[in-house]
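The structure under discussion appears below in the form of structure tokens.
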Amino acid sequence: MKRSSLKLNAAMILTGCFPFLIASCSATKPSLPSASTNPKPFETARAFDHSHGELDHLLKKYVKNGLVNYRGILSESDAFYRYVTSLGAVSSPTVNKWSREQQMAYWINAYNAFTIQAIIERYPIRGRSLVGIFFPRNSILQISGIWSRLTFNAGGYNLTLGQIEHDILRKGFIDARIHFAIVCASISCPVLRPEAYRFDVLERQLHEQAIQFVNDTTRGARWDADQKRLYVSKIFKWFKEDFNPTTISIGSSNQPHTTSDPVLDFIRIYLRNESFAQALAADQDIRLSYLAYDWRLNEQIQTTRSLPESPDTDG
């Protein structure tokens with residue numbers, strides 16, 4: 001009886017801490033220091049490869065349908081770490097001289113590369129004590145401090161993934177499509193693009209990522225005509241503020257919204273399913289629900305499945 005009581009108490013403690021475990025993917029963020037706090041600039045300055053060639057090679061070779069062959073990347077760890085080292089060799093003044101597109105591509109690739117780094121350095125991921133009660137054994141959430149404590153060298157600073165995402169990308173570029181380019185290595189995340197982001201084709205890449213995600217009925221959005229209910233990714237809930245009419249950006253310029261629901265407006269822009277688009281255009285009473293989020297690792301040995309709907313609704 002005493003043992004059961006202890007287990008129950010431990011579960012209750014973890015349940016209370018659960019929101020903080022995934023705070024980096026929530027609209028309510030932990031207090032993160034500014035990216036410019038306690039900078040640790042690198043002394044080495046070198047010409048940076050804006051084609052992100054070594055990362056591009058690895059992604060083309062080891063990413064298929066958004067799933068990653070992490071063992072394959074490990075087999076070419078020298079090339080991978082050459083790229084990661086190049087990110088840290090760039091100083092802050094150098095990055096600030098680049099164009100908006102060069103900076104944006106740099107930080108998106110850095111986020112994705114550092115996420116891969118955190119995984120391959122612990123691969124295969126295994127469950128950690130009681131955390132495994134709530135998350136799959138191979139989930140990135142099994143890595144302690146994945147978004148808030150682990151630091152990586154980039155742009156002249158030691159940064160967490162949370163700082164790159166929230167302080168640099170979200171605040172610095174004001175483009176909601178960023179959420180479909182950076183990947184938290186989970187099945188329900190937007191798929192990892194099998195190529196590096198490049199400044200000269202960045203607009204096309206971001207546009208394609210948004211189209212792909214919105215039209216993915218297991219990850220992005222699915223319309224239930226019988227119930228007149230729209231099921232969407234929890235990304236649209238966690239980062240709803242980024243789809244605000246005053247902040248959303250389509251391309252490099254702000255675009256006005258035509259309705260009171262910016263999430264629906266955003267989905268309409270990128271939706272390619274005609275019957276789905278007609279249903280939304282009819283401006284009927286649409287009820288909103290959220291797809292369950294699958295935190296399993298996006299590894300190639302994993303078979304994706306249709307995700308159940310979440311009882312979490314907005315109407």
Side-chain angles (χ1 to χ4, degrees), residues 24-25 32 35 48-60 62-63 66 68 73 80 83-90 92 94-119 140 146-147 150-157 159-186 189-214 219-220 233 235 238-239 242-243 247-252 266 270 298:
S24 187
C25 283
L32 293 172
F48 185 77
D49 174 19
H50 285 289
S51 73
H52 300 267
E54 285 180 309
L55 179 64
D56 188 71
H57 160 77
L58 294 170
L59 295 179
K60 281 183 166 65
Y62 295 115
V63 177
V68 184
I73 295 177
F80 178 79
Y83 175 73
V84 168
T85 300
S86 75
L87 294 172
V90 182
S92 179
T94 297
V95 173
N96 291 337
K97 292 177 182 178
W98 293 344
S99 69
R100 180 183 186 277
E101 290 74 20
Q102 287 174 324
Q103 292 185 46
M104 196 171 179
Y106 173 87
W107 288 114
I108 290 173
N109 287 328
Y111 182 97
N112 290 338
F114 293 146
T115 299
I116 292 173
Q117 179 182 346
I119 292 168
I140 192 172
I146 179 62
W147 294 306
L150 297 184
T151 60
F152 306 89
N153 298 330
Y157 302 98
L159 300 165
T160 65
L161 289 173
Q163 286 176 300
I164 294 174
E165 178 181 5
H166 305 303
D167 294 337
I168 296 177
L169 282 168
R170 292 180 62 215
K171 291 182 181 178
F173 296 96
I174 317 298
D175 191 326
R177 298 174 302 174
I178 286 170
H179 294 298
F180 314 125
I182 58 175
V183 179
C184 69
S186 301
C189 290
V191 297
L192 183 62
R193 196 174 180 88
E195 65 178 3
Y197 288 88
R198 295 194 347 242
F199 75 97
D200 54 334
V201 292
L202 182 62
E203 174 60 30
R204 173 179 62 79
Q205 291 175 317
L206 292 176
H207 184 72
E208 290 175 353
Q209 286 295 114
I211 290 175
Q212 182 180 49
F213 188 73
V214 167
R219 291 183 176 89
S233 169
I235 288 174
W238 294 331
F239 302 104
D242 291 359
F243 299 91
T247 60
I248 190 172
S249 176
I250 306 302
S252 59
F266 184 91
Y270 296 102
N298 62 343

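Basis for what follows: all heavy atoms, side chains included, without hydrogens, waters or symmetry-related copies.
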Q.
Between Trp98 and Phe199 (judged by ring centroids, cut-off 6.0 Å), do the two rings come close enough to count as a pair?
A. no

(Q) Rounded to the nearest 0.5 Å, what separates atom CD1 in Ile174 from atom CG in Leu169? (A) 10.5 Å

Q) Do the non-hydrogen side-chain atoms of Thr151 and Tyr157 ever get within less than 4.5 Å of each other? A) no

Q: Heavy atoms only: give me the nearest Tyr83-Ser86 pair and the separation to one decimal.
A: O-OG, 2.5 Å

Q | Side-chain donor or acceptor of Ser186 paired with backbone N/O of Cys189 under 3.5 Å | A | no

Q. Does any N or O in the side chain of Gln103 come within less than 3.5 Å of the main-chain N or O of Val95, such that one atom is a donor and the other an acceptor?
A. yes

Q. When rounded to the nearest 0.5 angstrom, what is the spacing between CD1 in Ile178 and CG in Asp242?
A. 8.0 Å

Q: Decide yes or no for Ile182 and Asn112: does some side-chain heavy atom of the first lie under 4.5 Å from some side-chain heavy atom of the second?
A: yes

Q: Could you point out which residue of Phe239, Phe213, Tyr111, Trp238 forms a ring pair (Phe, Tyr, Trp, His ring centres under 6.0 Å) with His179?
A: Phe239

(Q) Just checking Tyr270 against Phe266, ring centres under 6.0 Å apart? (A) yes

(Q) Rounded at 0.5 Å granularity, tell me how far CD in Glu165 sits from CZ in Arg170. (A) 6.5 Å

Q. Between NE2 of His52 and CD of Glu195, what distance do you get to the nearest 0.5 Å?
A. 11.5 Å

Q. Could you go step by step and tell me if Ile116 and Leu59 meet the side chain to side chain contact (heavy atoms under 4.5 Å, CB included) rule?
A. CA-CA 11 Å; Ile116 292 173; Leu59 295 179; 4.2 Å; yes

Q: List the steps and the verdict of side chain to side chain contact (heavy atoms under 4.5 Å, CB included) for Thr115 and Leu161.
A: CA-CA 8 Å; Thr115 299; Leu161 289 173; 3.7 Å; yes

Q | Over all atoms of both residues, closest heavy-atom pair of Gly66 and Asn298 | A | O-ND2, 3.7 Å

Q) What's the spacing between Tyr62 OH and Leu192 CG if we round to 0.5 Å? A) 14.5 Å

Q. Are Leu159 and Trp107 side-chain neighbours, meaning at least one heavy-atom pair lies under 4.5 Å?
A. yes

Q) Closest heavy-atom contact between Arg219 and Ser233? A) O-CB, 3.0 Å

Q) Looking at Ile108 and Tyr197, what are the two nearest heavy atoms and their distance? A) CG2-CD1, 3.5 Å

Q.
Quick one: does any side-chain atom of Gln209 pair with a main-chain N or O of Phe180 as donor and acceptor, under 3.5 Å?
A. yes

Q) Which atom pair, heavy atoms only, marks the closest approach of Asp56 to Ala196? A) OD1-N, 3.0 Å

Q.
If I compare all heavy atoms of Phe152 with all of Ala118, which pair ends up nearest, and what's the gap?
A. CZ-CB, 4.3 Å

Q.
Restricting to ring-ring contact (aromatic ring centres under 6.0 Å, His included), what partner residues turn up for Phe80, sequence neighbours left out?
A. none

Q: Please tell me if the side chains of Phe114 and Ile164 come closer than 4.5 Å, counting only heavy atoms from C-beta onward.
A: yes

Q: Would you check if the side chain of Arg177 reaches a backbone N or O of Gln205 as a donor-acceptor pair within less than 3.5 Å?
A: no

Q: Find the distance between CG (Asp200) and CD (Gln102) and round it off to the nearest 0.5 Å.
A: 9.0 Å

